[in-house]
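One structure is given below, encoded as C-alpha cells.
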Amino acid sequence: MRLGRRQVVMACWLGWIQPAAADWALNLPAPKSDIAARIYDIHTLILLVCLGIFVVVFGAMFYALFKHRKSVGHEAHHFHEHTTVEVIWTVIPLLILVGMAWPATRAVLDQKDTTNPDLTIKVTGYQWKWEYDYLQDGVKFISASSTPADQIANKVAKGAHYLLEVDEPMVVPVGKKVRILLTSHDVIHAWWVSELGVKQDAIPGFIRDTWFRANEIGTYRGQCAELCGRGHAFMPIVVEVKSEADYQTWLAAKQAGKQAKAVAAVAAVSKTYSAEELKASGEKIYAANCAACHQADGKGLPGVFPALAGSKVANGPAAAHIDRVLHGKDGTAMSAFQDQLDDADLAAVITWERTAWGNKGSPVQPADVKAQRK
Amino acid sequence: MEATLAPSLPDEHHAAPTGLWRWLTTTNHKDIGTLYFWFAATMFLIGGLMAMLIRAELFQPGLQLVQPEVFNQLTTLHGLIMIFGVIMPAFTAFANWQVPLMIGAPDMAFPRMNNWSFWLLPVAGMFLVGSLFLPGGAVAGGWTMYPPLFMQGGISYDLTIFAIHIMGASSIMGSINIATTILNMRAPGMTLMKMPLFVWTWLITAFLLIAVMPVLAGAVTMLLADRNFGTHFFDAAGGGDPVMFQHVFWFFGHPEVYILILPAFGIISSVIPTFSRKPLFGYASMVYATASIAILSFLVWGHHMFTVGMPAAAQLYFMYATLLIAVPTGVKVFNWVATMWRGSLTFETAMLFAVAFVCLFTIGGFSGLVLAMVPVDIQLQDTYYVVAHFHYVLVTGALFSIYAGIYYWLPKWTGHMVNETWGRWHFWLSAISVNVLFFPMHFLGLAGMPRRIPDYALQFADFNRVASLGGFVFGASQILLLIVILKCIRGGVKAEARAWEGAEGLEWTVPSPAPYHTFVVPPEVK
C-alpha cells in the first residue's frame, strides 16, 4: 500500500508508524523498555479517544457554524435545558475516563515497584553534572557534558549529539532490572531518559528511587528535566546499554582504573609539584568544573557568580581558599568539591585560581589540601 | 421606571477632578476598570516582548542573543508578568466595568478600597520589571520559585517576594470587593440564579482568590525567612523539606489556574448566546459545573509534581481526582455547542474569538487529560508538551476570552462600534499564528525537549524554528488590537444602548457609552 505524505504524517502522529528521521519527530521516541512501551500505548490510546471526542463535538459545532447561521436564513430555536441530554453528557465522559484510568493504574503500580533489582546505582545531581555510584561494585564517577563551549557559542560546527553527549556515560547491562537511587547535592534536578520511560526528581536531603530494564543494547540520551540554574540545558544523561559480558569487561576496567588512580593519588599527596605543573593541569580542571559559573576569564557574572580575578579569597591566605573549595559555601551555588576531586586535582585548580588573571596568591600543594579535609 | 424622588447625583456635589488627579483618586468602577485594562495592556507589552526575545533565542540551536542566566530571568518574569500582571488584572478590569452594570448596582461595594487595590498593582509591577536592573538581574528560578534554587539569588529575589505580597493584597481586596458587591448590591428581583453567568464565575473566582492568595503569601514568606532569617522550612540540612514548598505552592497554584479560566468561561457564556440569538443551553448546569470545578481545584494539586517521588497511592488519587475535572469542563463545552446548535449565528469578531476559544481551549483540555495520566506525565513532565498545554489554556483560552470580551463590550465602554474589518484581521492572524506557535510544542515535548532551556539538541531545531516564526507573527498581530481599541475610542459608528441584536442583560439597558454613573436608582428585574 502506498501512502501519501499526509497520511504518513497523520499515521506518525497517531503513533502507528515510527518516523525514520529524528527531525520533525511527532511522537514519543521508540520505547526501549517495557514501561516505556506501555506509556507509549497509553498515550496513543488517550490521543485516539481525544481525537474521537474532538471529531464528534466539533463536527457538531462546525455543522452548526455553517448550517445555522443567520446569513443562510436560519432562525433561532429558543430551546434550553434538557435533563436527559445533560445527564448523558455527564455520564458518558465519566465512563470514558474510567476506561482510560484502568491501564494507567496498572502501569503506575508497576512503575513504582522497585523491588528485587539486579543492580542498584546511586545517582547524585550536581550543578551541572551527574555522579553515578555503583553501590555493589565500588565504582563511582562523575558524568558531565562534553559538548565544547565553542559549539555552544556558534564558533564551530555543532556535532551530531550536540548537548546530549557526556565525558563518561552510565553503563548498564541489557535485560537487567536497574534500580536508581536519586538524590542531589545542591538544588532539585530530574533524571530523565525518555526511551527507557524513566524520570525522577533528584531532591537534596532525600533519596528517591525508580527503576528501568532496557530491552535493547544501545546508547540512550536524556537531559535534566528540572530547572536547576544557569547550566540546566547543559547537564545531559547518556546511558550505554551493553551485553552482560561487555558490561563485566567495562566494570573490571573501571575497578582497575580506580585502584590505579587511588595509588597515584596517595603518591601525589607526598609529592611536591612546581607551580607550572599545577597550573597546567589546574587550567583544564578549572574549565571542566568552575568555568560554568566563574567564567573562563575568572570575572564571574556580576551579582550572580563572584569574580575570582582580583578576589580577596584568591589573593589571601591559602587555607581560606582551600576551605571554600573543599566545603563550598552554604546558601549559594558554590558546592563542596571534596568528594568530587582528589587532592592533586584540587591543589592544581586552586593554584590556577590563585595565580591566573593577575592574581597574586601562593601555590597550593596536595598535602595542604589533604590536611584540611573534614 | 421613574423615580418619584430625584436622587442627588454624586456629580452634583462637587466638580469631578480632571487629568492625572482624576485617575489617581477615582473611586468610580468604570474608571478603575479602565485603569486595570491599561495596566494589563502595558504589562502584556512587556511580557510579550520578553516572549519575543525567548522565541528569538530559541530560533536556532546555540546561544545567540542572551546568556543562559538572562534567559532564565526572561522565562521567569514572562510567567509572573503574564499571570499576575496581565490575565488577572484584565479579568478584574472586566469585573469592575461589568459586574455593577450586569447586576444593576451603582458602583462597587467599597469604592475607596477599589482604588487602593488598583494602585498597588503598578508598584508591584515596577518592582518585578525593575528587578531586571538590579545587580545579578531578576529572579531566574522559574515562576514556581522552587527552593533550593530560589535560595541562590540576590536582592531581586527578595524584591520579587515583596511584589508578590503586594499583588496578593491587591487581589484579596479586589476579590472581597467583588464578592461583597455581588452578594449585597444586586438589583431587586435579581436572585442568585438569575445572575448573568459572568457574574457567577467571578463570584466563585473571588472566593477562590480569597482562599488561596494567603497560601501563596505563606509560601513566599517561608522562602523569605529561609533566605534571610536563618529558618529551614525547605532546607533538608536543617530538618526542612524542599518538596513541602511544592505542595504548598501548588495548593495555591492549581486553584490559581481556575482563577485564570473561570471568568473566561463567564465571558464566553455571555458572547455565544448573543451571537447565536438563543439563551444559554443549560444555565443551571453551567453554574453547578463552575462550582464543581472550583471545589475540585483544591483537591488535585499533586498532579503538578508526579515526578517528586510520591507514593503510588498518592499518584493514583491525584490522577483520579484530576480526571474528574474533565466531567464539569466537558459539560461546559457541550453547553456552548448546544447553545450554538440551531441558533441564528453571526460572526462578529467577538464571536470569532469565542468560537476559537471553545475549540482551542478544548485542545488544551485534551492535553491536560494526557498529562493527568501518571505514566504519560512521567515522560512529559517539565517538557515542551507542558508548555504547549498551558499556553493553549492560557493564551487561546484565557487571553482569547479577554479578546472576545473586549470586542463584545467595547461599544458599551466607548459608545462606538468596533471596526470589524480590522478586528477580523486581528482574529485570523492571531488564530492561525498562535497555532503555528504552540502546536509544534506538543511534538517537541513528546520528542524529548525539556522546558526552560536556552539551547537545545539539533533534532529539535525544525519545530523550534516553526514555533518562533509563529510567535513573531502572533506578537506583531497584537498591535492590530491596540489599533482597533484606539480607533474605537476615537470614533466610529455610534453604538446603540443594545449594541448587539441578540444581547440580553442589564448592561444593554443603559446608553452607550455607559454614563459615568449608572443605576443610581436600582432597576427592577422580573
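Note that this is a predicted model, so its numbers are computed, not measured. Quick note on labels: first sequence line is chain A, next is B, and so on, each numbered from 1.
Residue contact with chain A, scored on non-hydrogen atoms closer than 4.5 Å, involves the backbone and the side chain of Asn335(B) alike. If you measure heavy-atom distances from Gln381(B) to chain A, the contacts under 4.5 Å come from both the backbone and the side chain. Residue Ile203(A) touches chain B through its side chain alone, counting heavy-atom pairs closer than 4.5 Å. Contact annotation for Leu65(A): both backbone and side-chain heavy atoms come within less than 4.5 Å of a heavy atom of chain B. With a 4.5 Å cut-off on non-hydrogen atoms, Ala461(B) does not touch chain A at all. Phe305(A) does not touch chain B: none of its heavy atoms, backbone or side chain, sits under 4.5 Å away. Using a 4.5 Å cut-off between heavy atoms, Lys70(A) touches chain B through backbone and side chain atoms alike. In this structure, no portion of His161(A) lies under 4.5 Å from any heavy atom of chain B. At a 4.5 Å heavy-atom cutoff, the contact between Arg69(A) and chain B is made by backbone and side-chain atoms alike. Contact annotation for Ile152(A): both backbone and side-chain heavy atoms come within less than 4.5 Å of a heavy atom of chain B. There is no contact between Asp235(B) and chain A, counting heavy-atom distances below 4.5 Å. Using a 4.5 Å cut-off between heavy atoms, Ser276(B) contacts chain A through its backbone alone, with no side-chain atom that close. Residue contact with chain B, scored on non-hydrogen atoms closer than 4.5 Å, involves the side chain of Ile46(A) exclusively. For a residue to count as touching a neighbouring chain, one of its non-hydrogen atoms must lie under 4.5 Å from one of that chain's; by this rule Met100(A) touches chain B with backbone and side chain alike. Using a 4.5 Å cut-off between heavy atoms, Leu163(A) touches chain B through its side chain atoms alone. Residue contact with chain A, scored on non-hydrogen atoms closer than 4.5 Å, is absent for Pro328(B). The contact between Phe58(A) and chain B is made entirely by side chain atoms (from C-beta outward), counting heavy-atom distances below 4.5 Å. For Phe275(B), no part sits under 4.5 Å from any heavy atom of chain A, backbone or side chain. Proximity to chain A is absent for every atom of Met351(B), based on heavy atoms less than 4.5 angstrom apart. The contact between Tyr320(B) and chain A is made entirely by side chain atoms (from C-beta outward), counting heavy-atom distances below 4.5 Å. Within the 4.5 angstrom heavy-atom criterion, atoms from both the backbone and the side chain of Val358(B) approach chain A. Contact annotation for Met319(B): only side-chain heavy atoms (C-beta onward) come within less than 4.5 Å of a heavy atom of chain A.
With hydrogens and angles ignored, the 3.5 Å screen pairs no side-chain donor or acceptor of Lys278(B) with any backbone N or O of His80(A). Listed for the Asn154(A) side chain is a donor-acceptor partner under 3.5 Å among the backbone atoms of Leu63(B). A distance-only check finds a donor-acceptor pair linking the side chain of Glu81(A) to the backbone of Tyr283(B) [under 3.5 Å]. With Lys158(A) contributing its side chain and Leu458(B) its backbone, the two residues share no donor-acceptor pair below 3.5 Å. Looking at Gln379(B), its side chain does come within 3.5 Å of a backbone N or O of Ser194(A) through a donor-acceptor pair. Under the 3.5 Å distance criterion, the side-chain polar atoms of Asp201(A) are left unmatched by any main-chain donor or acceptor of Gly309(B).
The CD atom of Glu86(A) sits 10.5 Å away from the OH atom of Tyr288(B) when rounded to the nearest 0.5 Å. Note that NE2 of His43(A) is 11.5 Å distant from CG of Asp377(B), once rounded to the nearest 0.5 Å. Distance CG/Asp186(A) to CD/Gln152(B): 6.5 Å, rounded to 0.5 Å.
Chain B forms the most heavy-atom pairs under 4.5 Å with one residue out of Phe54(A), Phe234(A), Trp192(A), and that residue is Trp192(A). Of the residues considered (Tyr63(A), Phe62(A), Phe206(A), Tyr162(A)), Tyr162(A) shows the highest number of contacts with chain B, using heavy-atom pairs under 4.5 Å. Among Asn72(B), Thr346(B), Val374(B), the residue making the largest number of heavy-atom pairs under 4.5 Å with chain A is Asn72(B). In terms of heavy-atom pairs under 4.5 Å with chain B, the best-connected choice from Arg208(A), Glu195(A), Gln151(A), Met334(A) is Arg208(A). If you tally non-hydrogen atom pairs under 4.5 Å between each of Val333(B), Thr383(B), Asp241(B), Leu134(B) and chain A, the highest count goes to Asp241(B). Comparing Ala107(A), Ala101(A), Pro93(A) by heavy-atom pairs within less than 4.5 Å of chain B, the highest count is held by Ala101(A). Your options are Gly231(A), Ala160(A), Pro204(A), Ala190(A), and the one with the most heavy-atom pairs under 4.5 Å with chain B is Pro204(A). Counting heavy-atom pairs under 4.5 Å between each of Ala60(A), Gly222(A), Cys50(A) and chain B puts Cys50(A) at the top. Interface check for chain A: of the options Met449(B), Glu501(B), Arg451(B), Arg227(B), the most heavy-atom pairs under 4.5 Å are formed by Glu501(B). For the options Leu323(B), Val337(B), Ile453(B), Val308(B), heavy-atom pairs under 4.5 Å to chain A are most numerous at Val308(B).
Checked options Pro242(B), Pro147(B), Pro148(B); the residue passing with Val187(A) is Pro148(B) (criterion: side-chain contact (heavy atoms from CB on, under 4.5 Å)).
Proximity of His74(A) to Leu345(B): side-chain heavy atoms (C-beta onward) are nowhere separated by under 4.5 Å. Side chains of Phe463(B) and Leu26(A) form a contact here, defined as non-hydrogen atoms less than 4.5 Å apart. Contact annotation: the side chain of Thr90(A) approaches that of Val331(B) to within less than 4.5 Å [non-hydrogen atoms, C-beta and beyond].
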Applying side chain to side chain contact (heavy atoms under 4.5 Å, CB included) to Leu316(B) and Thr105(A), what does each step give before you reach the verdict? CA-CA 7 Å; Leu316(B) 290 175; Thr105(A) 302; 3.7 Å; yes
Please evaluate residues Met61(A) and Val355(B) with respect to the criterion side chain to side chain contact (heavy atoms under 4.5 Å, CB included), reporting the C-alpha separation (whole Å), side-chain torsions for both, the decisive distance (0.1 Å), and the verdict. CA-CA 9 Å; Met61(A) 188 179 88; Val355(B) 171; 3.6 Å; yes
Before giving the answer on side chain to side chain contact (heavy atoms under 4.5 Å, CB included), spell out for Val57(A) and Thr362(B) the whole-Å C-alpha distance, their side-chain angles and the decisive distance to 0.1 Å. CA-CA 10 Å; Val57(A) 174; Thr362(B) 304; over 6 Å; no
Can Phe281(B) and His82(A) be said to form a side chain to side chain contact (heavy atoms under 4.5 Å, CB included), step by step? CA-CA 8 Å; Phe281(B) 177 77; His82(A) 192 293; 3.7 Å; yes
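When all heavy atoms are compared, the tightest approach of Pro375(B) to Ile39(A) is O-CD1, 3.4 Å. Closest approach of Lys112(A) and Ala312(B) over heavy atoms only: CG-CB, 3.7 Å. Shortest non-hydrogen contact noted between Ala140(B) and Leu227(A) is O-CD2, 3.8 Å.
Side chain to side chain, Gln111(A) and Gln315(B) fail the donor-acceptor criterion of an N or O pair below 3.5 Å.
Ring pair Phe443(B)/Trp24(A): centre-to-centre distance not below 6.0 Å.
Note: Trp89(A) and Phe334(B) have tilted aromatic rings, judged against thresholds of 30 and 60 degrees for the angle between ring planes.
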